[in-house]
Amino acid sequence: MRLDTGNVLAAKMNAHRHQWNGSICAQPQGWNCGADATFRENYCAAGVSRCFHIDVFKPVSPRFVVPDTTVIQAVREQPRLLDDQILVFYGGRFGAQQGIVQGDVEHALYGLYRVKDAVLDDSRTPHRLLVEPHRDGWAMLPRLKLGQATLRSVHGVAYLKQLRAKTLADIITQALEEVGAQKVDGWTAEHEKNLKRASEQLPQWLRKAEEAWAKLPAPQALQRVVQAPAFPSAMAEKLSKLKIVTAPPAATELSVHPVPELVPAPPPDLESAQLVEVPTAEPSNLVEVPSVAPAESVPIDTPAPAAQAEATTVAEAPAVEATPAPVETPAAAEPEPERQAVSEPEIGTAPVAIPEPDAAAVLAERLDTPLITALSVAFMTKSLVILTGAPGAGKSWIASRLLDDASRERTVIVPVASTWRGREDLLGYVNPITGSFEATEFTHFLCDTEEAWSRGDRRARLVVFEEFNLSQPEHWLSDLLVRLEYDPELSADRKVVLGGSAIAGRPSRPCEVVLVPSLRFVATLNNDHTVKPLSPRVLDRAALIEVSSSGRVALERAGLAISDDLADLIDDLNDLIAPRGAAFSVRSARSLQRALAANALKPSHALDLVLAQEVLSRVRLLAGDPRDEQLISRLQAWSQKPECADLTVCAARIADWAESLAAGRDVFQA
């Protein structure tokens, strides 16, 4: 599990009517807390307190129950994983009478913990994780102010999300400002005291959370074991009497060294050594086989010895070889060396490691470790790796930096066009006049790669398909998709026949090319209305990796450092418009970097222009759409923040949008 810097964990929970004080809701069937209606009828209405969220803010010994298996496994691997972390609770907005509003998809915050313990409860099935806060490290937010929160996923777990710590601080501040002016049902002086303490201590809690996270050891995989049976089985008794007859090898010219037969080892529950009769050419020979001591435990994935012996006649335990009678051969007959030689050179024995060492070091400076690990595994398992993500996320930058190949001798970039309809667009065509094959740059690269392999050069070669799905890949990549499925050792099956009498510019080689094991493909993919969706056929043959970066992550990947106030403004804007496909991306961060380097502008003025030209320019709004009207209201609130005083171009554009929507006109930037 990994959490981005400056963020806190968030867990979804139900909206409890009695403010999570340990008592069951009154009239639970008529009040929507977010739990399933059947659960409310069978448990809550019946007075059975099975709700995971009933004791979250109980005055004495509050706790939160996590039933999610991914979180449980993460804590099982690292028992101190959640210690001192800040855990925020969120859910749907709710009112005093109806509970959660039907159809409302916005998230609201209910409160927070500074986690003291996260204890696994194995006493019941399914297992649970009991999370408890520090004695003075929890607070509930008033129902009056359930602030909106934008949540992002957490790598490695399915249930927990992450929230910007600044967003949490702003919501707490706003809640404290408003709770004093209005009477809130069920809100007490103790609740306000806890919330004020959380507001004051939040910076210190965040620092301690980061320190605790940094001290965590690397997770260790757990080995699940089961106890071996302590009693003899009927199958073990039968196997103990097993006799295997071996026959002498045929005396052929190639049988100079006879192959010995292997005797299966006895099952582990035998108490002493056994003698197994193994007749050979001399029936009187006996082979003594030592018994195997019973194992105390075996991995759960390892079949029991008896089952192994039943499934195969060759045991994995060491055994004594039966010595057959020698085979007489003529004195002059000696094995010919060429008959024992390997007919084909060893190829594909070691998978191609991508990213290469120097490239991996460069990527590590800008990318997260899980993304680099995902790239390594993908290239180990597939010949085609697809990088998908929003425009400007850095897919092309990653694809061009996977090899230690600054001179681009082992890399070729192939821009895909929307007009591609067949293999001729990728590979080339037969010239009807000369009869030769007119190869593309891509095909020449394949030929160079094959020739390098034949010379013993085993370094990786990489093809980068840019805008992979501008045209349907099945049409122009069909030959390669089929050939790449064959094992690297089967060079005949991985051969692509080009056609024609000769390759133009390469008269000495045949009109064919072999996809050698050192060849890898990476493709960049966008998701918008201008591209073609990938079919299951392509997805089944490729490894798909999502590349996401916006806001602070984009600044870090671009190597650009700006003030926290400006970075917060970028994050706030991204929270609003990222769901609409417009966000401050790595490409935007590089534009800001170049603007600051080339012009004597204040960082805020440069940011104003970049946001207006590259980020807000991708927003589309429809008049009469309630969600777009809500968005424009929030954008106006963003532009009126004191920190946005220098972002005059952005503020003017947002004001124009508001006027257009009010007049019934849609907003399209281009």
Side-chain angles (χ1 to χ4, degrees), residues 343-345 347-348 352 379 382-386 399 403 405 408-524 532 534-535 537-538 540-542:
S343 58
E344 294 286 344
I347 62 175
V352 177
F379 281 107
K382 296 290 185 180
S383 296
L384 173 61
V385 177
I386 299 175
L403 301 185
D405 183 32
R408 293 292 184 262
E409 296 178 357
R410 296 184 288 125
T411 306
V412 63
I413 298 176
V414 181
V416 177
S418 60
T419 57
W420 284 15
R421 294 294 180 267
R423 57 170 270 168
E424 295 82 5
D425 298 303
L426 177 66
L427 297 173
Y429 63 95
V430 177
N431 190 319
I433 299 177
T434 62
S436 61
F437 186 83
E438 301 291 341
T440 62
E441 180 187 9
F442 169 75
T443 302
H444 284 298
F445 181 80
L446 296 185
C447 294
D448 294 339
T449 300
E450 181 187 358
E451 292 169 3
W453 181 268
S454 64
R455 294 193 303 268
D457 186 349
R458 298 301 190 252
R459 293 180 300 169
R461 261 69 176 177
L462 187 66
V463 178
V464 181
F465 289 123
E466 287 284 6
E467 305 291 348
F468 183 61
N469 58 337
L470 273 180
S471 180
Q472 205 75 42
E474 295 89 336
H475 297 163
W476 50 270
L477 196 62
S478 178
D479 273 9
L480 271 66
L481 288 176
V482 172
R483 302 298 179 187
L484 289 172
E485 284 298 294
Y486 291 100
D487 292 336
E489 293 80 3
L490 304 177
S491 57
D493 294 329
R494 291 170 65 96
K495 183 186 300 181
V496 179
V497 178
L498 302 175
S501 57
I503 300 177
R506 295 176 179 267
S508 60
R509 61 171 294 140
C511 285
E512 58 189 28
V513 62
V514 176
L515 306 179
V516 296
S518 61
L519 187 63
R520 290 292 185 273
F521 300 86
V522 62
T524 63
K532 305 293 184 180
L534 297 183
S535 69
R537 180 190 178 197
V538 175
D540 185 57
R541 290 166 166 80

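Here the structure is a predicted model, which is why all the values come from computation and not from measurement.
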- Item | Main-chain N/O of G422 paired with D425 side-chain donor or acceptor, under 3.5 Å | yes
- Query: Taking only residues two or more places apart in sequence, or in another chain, which ones meet W476 in a ring pair (Phe, Tyr, Trp, His ring centres under 6.0 Å)?
  - Reply: W420, F465, F468
- Task: Heavy atoms only: give me the nearest G499-V430 pair and the separation to one decimal.
- Result: C-CG2, 3.9 Å
- Item | Distance, nearest 0.5 Å, that separates CG of L426 from CG of L480 | 6.5 Å
- For the student: nearest non-hydrogen atoms of C511 and G500, plus distance: SG-O, 3.4 Å
- Message: Restricting to non-hydrogen atoms, name the atom on A504 and the atom on H444 that form the minimum distance, rounded to 0.1 Å.
- Response: O-CE1, 3.7 Å
- Message: Strictly distance-based, threshold 3.5 Å: is any side-chain N or O of R520 a donor or acceptor partner for the main-chain N or O of F379?
- Response: yes
- Task: Walk me through it: do D405 and T411 pass the test side chain to side chain donor-acceptor pair (under 3.5 Å)?
- Result: CA-CA 7 Å; D405 183 32; T411 306; 2.9 Å; yes
- Query: Which atom names give the shortest non-hydrogen contact between V482 and R537, and what distance separates them?
  - Reply: CG2-NH2, 3.7 Å
- Query: For K495, what residues pass the side chain to side chain contact (heavy atoms under 4.5 Å, CB included) criterion, not counting sequence neighbours?
  - Reply: E512, V514
- Task: Taking S383 for its side chain and L484 for its backbone only, find out whether a donor-acceptor pair lies under 3.5 Å.
- Result: no
- Task: Would you name the heavy atoms of L470 and A417 that are closest together and state the gap between them?
- Result: CB-C, 4.4 Å
- Query: Nearest heavy-atom pair of A460 and L403: which atoms, and what distance?
  - Reply: O-CD1, 3.8 Å
- Message: With rounding to the nearest 0.5 angstrom, report the CZ to CG distance, R423 to D479.
- Response: 4.5 Å
- Message: I'd like to know if the side chain of R410 and the backbone of L462 have a donor-acceptor N/O pair within less than 3.5 Å.
- Response: no
- Please lay out, stage by stage, how V463 and F445 fare under the test side chain to side chain contact (heavy atoms under 4.5 Å, CB included). CA-CA 9 Å; V463 178; F445 181 80; 3.7 Å; yes
- CG of L477 to OG of S471: how many Å apart, nearest 0.5 Å? 10.5 Å
- Item | Lys/Arg-Asp/Glu bridge criterion (N-O < 4.0 Å) met for D457, R459 | yes
- Message: Just verifying a value: how many Å separate R494 CZ and Y486 OH, rounded to the nearest 0.5 Å?
- Response: 11.0 Å
- Task: Under the side chain to side chain donor-acceptor pair (under 3.5 Å) rule, collect the residues that match up with E451, sequence neighbours excluded.
- Result: R506, R509
- Message: Under the criterion side chain to side chain contact (heavy atoms under 4.5 Å, CB included), I'd like the reasoning laid out for I503 against C447: C-alpha separation, chi angles, the key distance, then a yes or no.
- Response: CA-CA 10 Å; I503 300 177; C447 294; 4.0 Å; yes
- Note on the structure: Rounded to the nearest 0.5 Å, the CG atom of L498 sits from the OG atom of S436 at a distance of 11.5 Å
- Note on the structure: Taken to the nearest 0.5 Å, the spacing of I386 CD1 from L534 CG works out to 5.0 Å
- Should I413 and E466 be marked as a side chain to side chain contact (heavy atoms under 4.5 Å, CB included) after you check the CA-CA gap, both sets of side-chain angles, and the distance that decides it? CA-CA 7 Å; I413 298 176; E466 287 284 6; 3.8 Å; yes
- L384 versus R541: any side-chain heavy-atom pair under 4.5 Å? no
